[in-house]
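What's counted below: heavy atoms across the whole structure, side chains too, no hydrogens, waters or symmetry copies. The first residue of the sequence shown is numbered 1, and numbering continues consecutively from there.
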Amino acid sequence: MSKLQLRAFLYQLAAFAVLFLLFRFLIAAYTGLTGIWIPMTAFVIGTIVGPKFQAVRTKDGEKLFMKWLFIKGIKEIQ
């Protein structure tokens, strides 16, 4: 695993963790869901809404890219 692949994994993990916690508390506060349905719903929403990071080897070297539902196209991070 290269340095950029590790960075992409950590970015992906951090983004999912923040979104999961945010949606978990929002779902618990504003919906009638109870029990296991709260974290399961937060997991699904966090997975769909979260940005996707990927390290790609190009002719210019390895680069980090991000794709997100709210941004059109693919954005180069590094």
With Trp37 via ring-ring contact (aromatic ring centres under 6.0 Å, His included) - residues at least two apart: none

Under the ring-ring contact (aromatic ring centres under 6.0 Å, His included) test, residues paired with Phe70 that sit two or more places apart: Trp68

If hydrophobic clusters are built from ILVMFWY residues whose side chains come within less than 4.5 Å, do [X] and [Y] share one?
X     : Y     : value
Ile38 : Phe16 : no
Ile77 : Leu69 : yes
Ile74 : Ile71 : no

Listed once per pair and sorted, the side-chain hydrogen bond (donor to acceptor under 3.5 Å, both in side chains) pairs that draw on residues 7-27, sequence neighbours left out: Arg7-Gln78

Gap between atom CZ of Phe23 and atom CG of Leu26 - 0.5 Å precision: 7.0 Å

Nearest-0.5 Å distance, OH of residue Tyr30 to CZ of residue Phe25: 13.0 Å

Give every donor-acceptor pair under 3.5 Å between a side-chain atom in residues 43-60 and any protein atom, sequence neighbours left out.
residue, atom, partner, partner atom, Å
Thr47, OG1, Phe43, O, 2.7
Lys52, NZ, Thr47, O, 2.7
Lys52, NZ, Gly50, O, 2.9
Thr58, OG1, Asp60, N, 3.4
Thr58, OG1, Gly61, O, 2.6

Partners passing side-chain contact (heavy atoms from CB on, under 4.5 Å) against Ser2 (at least two apart in sequence or in another chain): Leu4, Gln5, Glu62

Within residues 65-78 or reaching into it, pairs that qualify as salt bridge (Lys or Arg N to Asp or Glu O under 4.0 Å) - sequence neighbours excluded: Lys63-Glu76

